[in-house]
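Remarks on the structure that follows.
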Amino acid sequence: MKKNLLVGATAFLALLSCGEDRDEDNAQQTTISQKITGTWTIINKESNGMNISASLPCQNLGSFVFNSDQQLYKNYNSVVNNNCLTETDNYTYSVDENSKKITTKNAQNDVLIYVVSKLSDNELVLVNTEGSDTTKYTLSK
């Protein structure tokens with residue numbers, strides 16, 4: 001009798017431990033929209049496969065600032081009279097989570113579409129293709 005009770009209790013405990021309520025199943029995935037929010041520094045820019053380097057005295061090529069209210073500020077650094085100047089373009093943006101695309105639009109209704117080819121907590125790679133021109137940005141947070 002004790003042996004049957006022990007076997008029954010063991011089987012019951014085994015069934016309880018095999019439930020579907022696992023932490024990794026219940027963990028909510030972070031969306032692209034959530035992950036891109038913040039300031040990303042352009043660490044590498046390629047135009048049609050050719051590397052575009054920052055010119056001294058600029059330390060980098062600029063940054064992309066994605067705000068949670070769907071505002072994007074693209075800051076571009078350029079050298080004028082041996083000074084590093086930053087110009088800013090303002091856009092609104094939307095993210096298509098399924099196709100991994102970010103669509104931006106400025107006040108003149110110019111639209112740019114970026115494909116998110118890589119995204120981690122500290123690295124973002126965006127690719128924009130317009131006609132035969134492809135620009136690839138590697139950004140760091």
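By convention here, the first residue in the shown sequence is residue 1.
For the residue pair Glu123 and Ser120, no side-chain donor N or O sits within less than 3.5 Å of a side-chain acceptor on the partner. A donor atom on one side chain and an acceptor atom on the other are found under 3.5 Å apart for Asn106 and Gln108.
Atom CG of residue Leu56 and atom SG of residue Cys84 lie 9.5 Å apart, to the nearest 0.5 angstrom. With values rounded to the nearest 0.5 angstrom, Gln29 atom CD is found 9.0 Å from Lys35 atom NZ. Separation of atoms NZ (Lys141) and OG1 (Thr39) is listed at 8.0 Å; rounding is to 0.5 Å. Here CG of Leu72 is found 14.0 Å from NZ of Lys105. Values are rounded to the nearest 0.5 Å. Remark: Ile102 CD1 to Ser94 OG distance equals 9.0 Å, nearest 0.5 Å. Here Leu124 contributes atom CG and Leu126 contributes atom CG; the two are 4.0 Å apart, rounded to the nearest 0.5 Å.
Atom NZ of Lys101 sits in a sparse spot, with 12 or fewer heavy atoms from other residues, nucleotides or ligands closer than 6.0 Å. Heavy-atom neighbours of Asp121 CG from other residues, nucleotides or ligands within 6.0 Å: at or below the threshold of 12.
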Exercise answer: donor-acceptor pairs, residues 76-83 side-chain atoms, under 3.5 Å, sequence neighbours excluded:
{"residue": "Tyr76", "atom": "OH", "partner": "Lys74", "partner atom": "NZ", "Å": "3.0"}
{"residue": "Asn77", "atom": "OD1", "partner": "Thr86", "partner atom": "OG1", "Å": "2.7"}
{"residue": "Asn77", "atom": "ND2", "partner": "Asn60", "partner atom": "O", "Å": "3.2"}
{"residue": "Asn77", "atom": "ND2", "partner": "Asn60", "partner atom": "OD1", "Å": "2.9"}
{"residue": "Asn83", "atom": "ND2", "partner": "Asn81", "partner atom": "O", "Å": "3.4"}

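Two residues are said to be in side-chain contact when any heavy atoms from C-beta on lie closer than 4.5 Å; Asn44 and Glu46 meet this criterion. Side-chain atoms of Phe64 and Tyr114, non-hydrogen and from C-beta on, do get closer than 4.5 Å to each other.
Criterion: ILVMFWY side-chain heavy atoms under 4.5 Å apart, direct or through other members. Under it, Leu139 and Val127 are not part of a common hydrophobic cluster. Linking ILVMFWY side-chain heavy atoms closer than 4.5 Å, directly or via other members, places Leu119 and Phe66 in a single hydrophobic cluster.
In terms of modelled atom types and a separation under 3.5 Å, the side chain of Thr104 and the main chain of Leu112 share a donor-acceptor contact. Side chain of Asp96 to backbone of Ser99: a donor-acceptor contact under 3.5 angstrom is found. Put simply, the side chain of Tyr137 never gets that close to the backbone of Ile43: no donor and acceptor are under 3.5 Å apart. Although no hydrogens or angles enter the test, the distance criterion places no donor-acceptor pair under 3.5 Å between the side chain of Thr134 and the main chain of Glu130.
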| request: Starting from the C-alpha separation in whole Å, work towards a yes-or-no answer on side chain to side chain contact (heavy atoms under 4.5 Å, CB included) for Asn67 and Val65. | output: CA-CA 6 Å; Asn67 288 344; Val65 181; 3.7 Å; yes
| message | Under the criterion side chain to side chain contact (heavy atoms under 4.5 Å, CB included), I'd like the reasoning laid out for Lys45 against Asn51: C-alpha separation, chi angles, the key distance, then a yes or no. | response | CA-CA 6 Å; Lys45 180 180 176 182; Asn51 192 40; 5.8 Å; no
| request: Given side chain to side chain donor-acceptor pair (under 3.5 Å), test Asn75 with Ser63 step by step and report yes or no. | output: CA-CA 5 Å; Asn75 302 308; Ser63 63; 3.0 Å; yes
| request: Given side chain to side chain contact (heavy atoms under 4.5 Å, CB included), test Val125 with Val116 step by step and report yes or no. | output: CA-CA 6 Å; Val125 178; Val116 179; over 6 Å; no
| Derivation and outcome, side chain to side chain contact (heavy atoms under 4.5 Å, CB included), residues Thr92 and Gln71 | CA-CA 5 Å; Thr92 58; Gln71 295 296 311; 3.5 Å; yes
